[in-house]
There are 2 protein chains.
Amino acid sequence: MLPERNSTKARRTRANIIESALSLFREQGFDQATMREVADRAGLAVGAAYYHFRTKDEILLALYESTIDDALERARFKSAKSADFADRVKDTLEFKLSLLKPFRDFLGPLAGHALIPGSALSPFSDESSEIRAREMQLFSSIIHGSSLKVASEFKQHLPRLLWLYQMSVIAFWLRDTSTGQSRTLRLISISLSLIMKLFAVTRVPVLRQANGLILSLLELTEPDNSEKQAACA
Amino acid sequence: MLPERNSTKARRTRANIIESALSLFREQGFDQATMREVADRAGLAVGAAYYHFRTKDEILLALYESTIDDALERARFKSAKSADFADRVKDTLEFKLSLLKPFRDFLGPLAGHALIPGSALSPFSDESSEIRAREMQLFSSIIHGSSLKVASEFKQHLPRLLWLYQMSVIAFWLRDTSTGQSRTLRLISISLSLIMKLFAVTRVPVLRQANGLILSLLELTEPDNSEKQAACA
DNA sequence: CCTTAAACTCGAACCTGTTCAGATATTTGC
DNA sequence: GCAAATATCTGAACAGGTTCGAGTTTAAGG
């Protein structure tokens, strides 16, 4: 891990670099902008940038984090308007997308890391666990504040599921070339209707036989229990 | 686009490069192996390698393609053993994963391109449409040779859906750290059971009301109808 | 054969992310 | 205020993917 970097100066320099990076990324895209340019615009040498950020990607991650950070609070407020689960999720997702919109053009390269197993930038990685936890927390509050009815055994998995759903929506949105990404908005509203129907179905007695399957699928995809066997040895 | 490169010599050189790359990637991993080494081992200068392949990643793609190519035929044969749809899909997926296994460690970088919108290496891109079409064709033959019963309006979407399912399985497999990726095998069998149940449900009269939703979701995610509006103008 | 254009190959040079051995600034202990 | 310790910064050097102008080989036509 990097040293503290918590002094006022370090924080200011970091902010300075992030700001320069943001404007450059906006102007030229993530790939085109070079670290030398970022450092130049911040009035620093490359080495200084690498003193505060391990990699170029990490600057992008910090950028994302600083944007999403206060956004989470606003999203929580925004979603509280209705008690209907689907409405709340819809509001939240649309709000998040509107926040991400300015970055859409250079978020693509970042998304590429999602599937690369070792990447620190993957939303599944340890490095981004903090921000992931914060996002899931938002979904938790959305669930608990709503009037959602779903088979009780699924409750504990819902935040992660919702987060996964959000990631899929974002992945679709990044590749959505329709004007204003209107297609994504339709995707959200249709898929949410379906999800609600699915939730309803899990409570129908005749169909509950499938719940066991769903549950084992959920447990199978849980990230942290891969060492359970190792611990027994 | 690159020129023809279809002469005997070009084909031989390409094969030569691919072979060198494969052995090097196996020995050192994709990232560690340098283009200079690949070229050296093939008895060429770097420039020659770049005459035949636009990028390092493209060599990996060619590698993947040459592996998957004859595999598709064998997979078709393999899946024909049973008439049960789920069994056929399961056999095919497991067979494909067994083929990909030797590449698993260095397939990550390739997967990374999947989500990057403009990437030529994305499995969604125009450039890889040929291999995608061939894979979907396999799924078509799996469907048509089986005793699958599903609401008729979904039939036309099944190959693409199955292909998407395959991609998800592979994405999971790439990040699956359980010994022998046993977890992925369980994922396949559980998710297939669920999918079969879902198929059954689409034919239950009371629940058919959801079919319209599903159908519009399927059409929304179709890749080629993004220009329909533009064509009207 | 010889000519010539196209296909192919070469390898030095380029570009850009990253590192590192030292400056320079800032803080801390006294 | 001062010296040691620590934090911050510098810019040259490195590494590896990629480009490119200049050769060399091959194929076709005469």
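Keep in mind that the numbers below use all heavy atoms, side chains included, and drop hydrogens, waters and symmetry copies. Because the structure is predicted, anything quoted here is derived from the model rather than measured.
The side chain of A/Thr13 contributes an N or O atom lying less than 4.0 Å from OP1 or OP2 of D/dC9. Regarding contacts with the backbone of D/dT8, a side-chain N or O of A/Tyr51 is found under 4.0 angstrom from either OP1 or OP2. Close to D/dT8, at under 4.0 Å from its OP1 or OP2, lies no side-chain N or O of A/Lys9.
For B/Ala45, the listed nucleotide lying nearest its side chain is C/dC10; candidates were D/dC9, C/dT18, C/dC10. Here the nucleotide nearest the side chain of A/Ala48, chosen from D/dT8, D/dT10, C/dC10, is D/dT10. Out of D/dG17, C/dG17, C/dC10, the shortest distance to the side chain of A/Thr34 is found at C/dG17. Among D/dT8, C/dG17, C/dC8, the nucleotide with an atom closest to any side-chain atom of B/His52 is C/dC8. Nearest to the side-chain atoms of B/Tyr50 among the listed nucleotides D/dG17, C/dG17, C/dG11 stands D/dG17. Nearest to the side-chain atoms of A/Arg36 among the listed nucleotides C/dT26, D/dC14, D/dG16 stands D/dC14. Side-chain proximity of B/Val46 to the nucleotides C/dC8, C/dT18, C/dG11 is greatest for C/dG11.
Rounded to whole angstrom, the span from the CD atom of B/Glu37 across to the C1' atom of D/dA15 amounts to 12 Å. Note: CZ (A/Phe53) to P (C/dG17) measures 15 Å, nearest angstrom. As rounded to whole Å, 15 Å separates atom P of D/dG17 from atom CD of B/Glu58. As a whole-Å value, the separation of B/Lys56 NZ from C/dT16 C1' is 16 Å. Distance, B/Asn16 CG to C/dT9 C1': 13 Å, rounded to whole Å. B/Leu44 has its CG atom 14 Å from the P atom of D/dT25, to the nearest Å. Residue B/Asp57 contributes atom CG, which lies 7 Å from atom P of D/dT18 at whole-angstrom precision. Summarising the geometry, the separation between CZ on A/Arg14 and P on D/dT8 is reported as 11 Å, rounded to the nearest angstrom.
Between A/Tyr50 and A/Phe53, the ring centre distance reaches or exceeds 6.0 Å.
Nucleic acid contact for B/Ala33: sugar-phosphate only, since backbone atoms but no base atoms lie under 4.0 Å from a heavy atom of the residue.
Of the possible donor and acceptor atoms, none in the side chain of B/Ser182 sits under 3.5 Å from a partner among the backbone N and O of B/Ser178. Judged by distance alone, the side chain of A/Arg132 and the main-chain N or O of A/Ser125 form a donor-acceptor pair under 3.5 Å. At least one donor-acceptor pair under 3.5 Å links the side chain of B/Ser168 to the backbone N or O of B/Leu164.
At a cut-off of 3.5 Å, with distance as the only test, a side-chain donor of A/Arg160 or A/Thr221 sits close to an acceptor on the other residue. A donor atom on one side chain and an acceptor atom on the other are found under 3.5 Å apart for A/Arg175 and B/Ser122.
Comparing B/Met35 and B/Thr8 by the nucleotide of DNA chain D whose heavy atom lies nearest to each, the residue mapping closer to the 5' end is B/Met35. Both B/Gly47 and B/Gln32 lie close to DNA chain D; mapped to their nearest nucleotides by heavy-atom distance, the more 5′-ward contact belongs to B/Gln32.
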